[in-house]
Amino acid sequence: MTLAVVLFTQDLRLHDNPALHAARAGADQVVPLFVTDPAVAAAGFAAPNRAAFLAGCLADLDAALRRAGGRLLVREGDTAEQTAKLAAETGAASVHVAAGVSGYARRREQRLRRALGDRLRVHEGSLTAVPPGAVHPADRDHYAVFTPYHRAWQQARRRTPLPPPRTLHTPEGLRGAPLPAATPTARSLPAPGEGAARRAWQHWHGDRYADLHDDLAADGTSHLSPYLHFGCLSANELARLAERRGGPGAEAFVRQLVWRDFHHQVLAARPAAAHADYRPRKGGWHRDAREFEAWREGRTGFPIVDAGMRQLAETGWMPNRARLLTASFLAKSLRQDWRPGAAHFLHHLVDGDLANNQLNWQWVAGTGTDTRPNRVLNPLAQADRHDPEGAYVRRWVPELAHLPGREIHRPWRSPHRPAGYPDPLIAPDATGHRLRASRHDAPADTLF
Ligand SMILES: Cc1cc2nc3c(=O)[nH]c(=O)nc-3n(C[C@H](O)[C@H](O)[C@H](O)COP(=O)(O)OP(=O)(O)OC[C@H]3O[C@@H](n4cnc5c(N)ncnc54)[C@H](O)[C@@H]3O)c2cc1C
């Protein structure tokens, strides 16, 4: 009788799960394990919205495993220690885990390796469609620019998605902690788990995704990001399913999955990019706590920025276009350090993801992989282009809802402006210029 442990991390699914598949194929009994590690909370990563969504995903995973005859064992403590302890208790012949990309995941892997030796099996290609490092330029370990990465990705070999196990046998009598529970700060979260993820994909047609993905009021994107972050859906399988659907919508959607793979391969090669500038930046950042608070609270006086920040706080999610323009407002227009902005996003986002969040922030701030690092997204031009009728702002900044048409984007010019709505934090025509003007002129005491 052989036994294998599967350590679930960011792969909370039965379909297309290389670690689970290999454990099932190589052993008579399988112990599916999740470890609640206090180090994740200590690092500030277990923010309420993600903790609540994760708890739901684990309950769903446990239910799915039970339907196949197994169950999820939850343990609390240091992940490597708890896994090694369980392997010793059960006499496991092998322990399977998906390869991660963050520094934390790498250290976890090294410690598991030290404790388990060659009983540890690390499975590549579980978090992304193309494994980090599988494609790279001749002279580097990763791609630093998206377009050549996209071309290489399209030529890369991808795994045939794996079926879910039909049956599992988990031994009785193993001691486990209760499934975790948490209360979100968002007023509602998407339904958690693999079942909900697969239904969300089936119900989302995305035929007009190519035209509508940047239209803020249309809300036409898939909303699959929390499921991808926790691995309720496999990016590899999703890319296949989208390609099978075909059409311009599916093509544009797959391109976004490639962006996801792109950022993951950057972080895998440069784990420090989660905190340190990927490309060194000339000049310092402007520091102004009052401006930062106004940005965080959605009181900048720029309605399109405030709409995004309020949607984030209320729902734990924002469309990509809103993330781009709110992040650009902080990093480029206010010229503030991207790190506190990224931390604020991570505190709220139900899909908060180290690779996607930190590297998108760096892209926007000009310290990352954007080939035009001085690009500034002017919030007024963004509002006119991506919310032409003002419907998105009306939804999230209700005190301005009565302002007609595009007047809503420039309340400072409107005779109907409500008294409580703030003045613009910086001169509206300076939003695109502050970076360039201040890079050389800012007095030293405003820099750090
Ligand atoms: C400043 C900033 C911070 C971000 N933080 C996160 C984050 O913490 N977690 C996260 O998952 N995404 C993040 N993104 C990327 C993107 O905004 C979200 O993935 C997307 O808005 C999620 O909505 P959706 O699932 O409807 O996306 P869709 O448009 O339906 O796209 C499908 C999937 O492709 C991936 N994707 C789409 N756009 C990007 C992108 N620009 N970079 C990487 N992957 C992408 C996501 O997994 C997404 O679920 C961030 C973007 C910016 C500009």
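What you see below is based on every heavy atom in this structure, not just the backbone, and it leaves out hydrogens, waters and symmetry mates. Counting starts at 1 for both ligands and their atoms, in listed order.
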Check: Of the protein's non-hydrogen atoms, which lies at the shortest distance from atom 24 (P) of ligand 1, and what is that distance?
Finding: H223 N, 3.6 Å

Note to self: Counting only heavy atoms closer than 4.0 Å, does ligand 1 sit against the backbone of A327, its side chain, both, or neither?
What the structure shows: side chain

Notebook entry, point to check: Judged by modelled atom types alone, do D353 and H229 share a side-chain donor-acceptor pair under 3.5 Å?
Noted result: yes

Check: Which residue holds the protein heavy atom closest to atom 30 (O) of ligand 1, what is that atom called, and what is the gap in Å?
Finding: S222 OG, 2.6 Å

Next item on the list: Could you tell me the residue and atom name of the protein heavy atom closest to atom 11 (O) of ligand 1, and the distance to it rounded to 0.1 Å?
Entry: N356 ND2, 3.1 Å

Next item on the list: Give the residue, atom name and distance (to 0.1 Å) of the protein heavy atom nearest atom 9 (N) of ligand 1.
Entry: D351 O, 2.9 Å

Check: Without hydrogens or angle criteria, can the side chains of H15 and E237 be said to hold a donor-acceptor pair below 3.5 Å?
Finding: no

Check: Taking the minimum heavy-atom distance to atom 16 (C) of ligand 1, which of L212, N320, N357, D214 ranks first?
Finding: N320

Next item on the list: Tell me which protein heavy atom sits closest to atom 39 (C) of ligand 1, plus the residue, atom name and distance to 0.1 Å.
Entry: Q256 NE2, 3.8 Å

Check: For residues D423 and W412, is any side-chain donor paired with an opposing acceptor at under 3.5 Å?
Finding: no

Margin query: Please work out, at 4.0 Å between heavy atoms, whether the side chain, the backbone, both, or neither of W363 comes within that distance of ligand 1.
Written below: neither

Notebook entry, point to check: Would you say the side-chain atoms of N17 and S234 include a donor-acceptor pair closer than 3.5 Å?
Noted result: no

Check: Counting heavy atoms only, which of L349, D219, N360, L224 comes nearest to atom 51 (C) of ligand 1?
Finding: N360

Next item on the list: Please test F8 against L72 for side chain to side chain contact (heavy atoms under 4.5 Å, CB included), starting from the C-alpha separation and ending with a verdict.
Entry: CA-CA 9 Å; F8 282 91; L72 183 67; 4.2 Å; yes

Checklist line | Distance-only polar pair, side chains of Y104 and D37, donor-acceptor under 3.5 Å | finding: yes

Checklist line | M318 neighbourhood, listing ligand 1 atoms whose heavy-atom distance to it stays under 4.0 Å | finding: 21 (O)

Notebook entry, point to check: Where is the nearest protein heavy atom to atom 23 (O) of ligand 1: which residue, which atom, and how far?
Noted result: W317 CZ2, 3.3 Å

Margin query: Under 4.0 Å from a heavy atom of G352: which atoms of ligand 1 are those, numbered in the order shown and with their elements?
Written below: 8 (O)

Margin query: Using modelled atom types and a 3.5 Å cut-off, is there a donor and acceptor pairing between side-chain atoms of R310 and backbone atoms of G298?
Written below: yes

Next item on the list: Answer yes or no for R245 and W201: cation-pi contact, defined as NZ/CZ to six-membered ring centre under 6.0 Å and angle to ring axis within 45°.
Entry: yes

Check: Is the ring centre of Y149 less than 6.0 Å from the ring centre of W259?
Finding: no

Notebook entry, point to check: Which is closest to atom 29 (O) of ligand 1 by heavy-atom distance: Y209, F253, Y227?
Noted result: Y209

Next item on the list: Report yes if the side chains of R50 and F45 come closer than 4.5 Å at any heavy-atom pair, otherwise no.
Entry: yes

Note to self: Less than 4.0 Å is my threshold; does some heavy atom of H229 fall inside it relative to ligand 1?
What the structure shows: no

Check: Considering only protein heavy atoms, which is closest to atom 19 (O) of ligand 1, and at what distance to one decimal place?
Finding: S225 CB, 4.0 Å

Margin query: For W295, does the six-membered ring have the charged nitrogen or CZ of R299 within the cation-pi criterion, i.e. under 6.0 angstrom from the centroid and within 45° of the normal?
Written below: no

Margin query: Counting only heavy atoms closer than 4.0 Å, does ligand 1 sit against the backbone of L228, its side chain, both, or neither?
Written below: side chain

Checklist line | For atom 6 (C) of ligand 1, the protein heavy atom that lies nearest, with its residue and separation | finding: R323 NH1, 3.2 Å

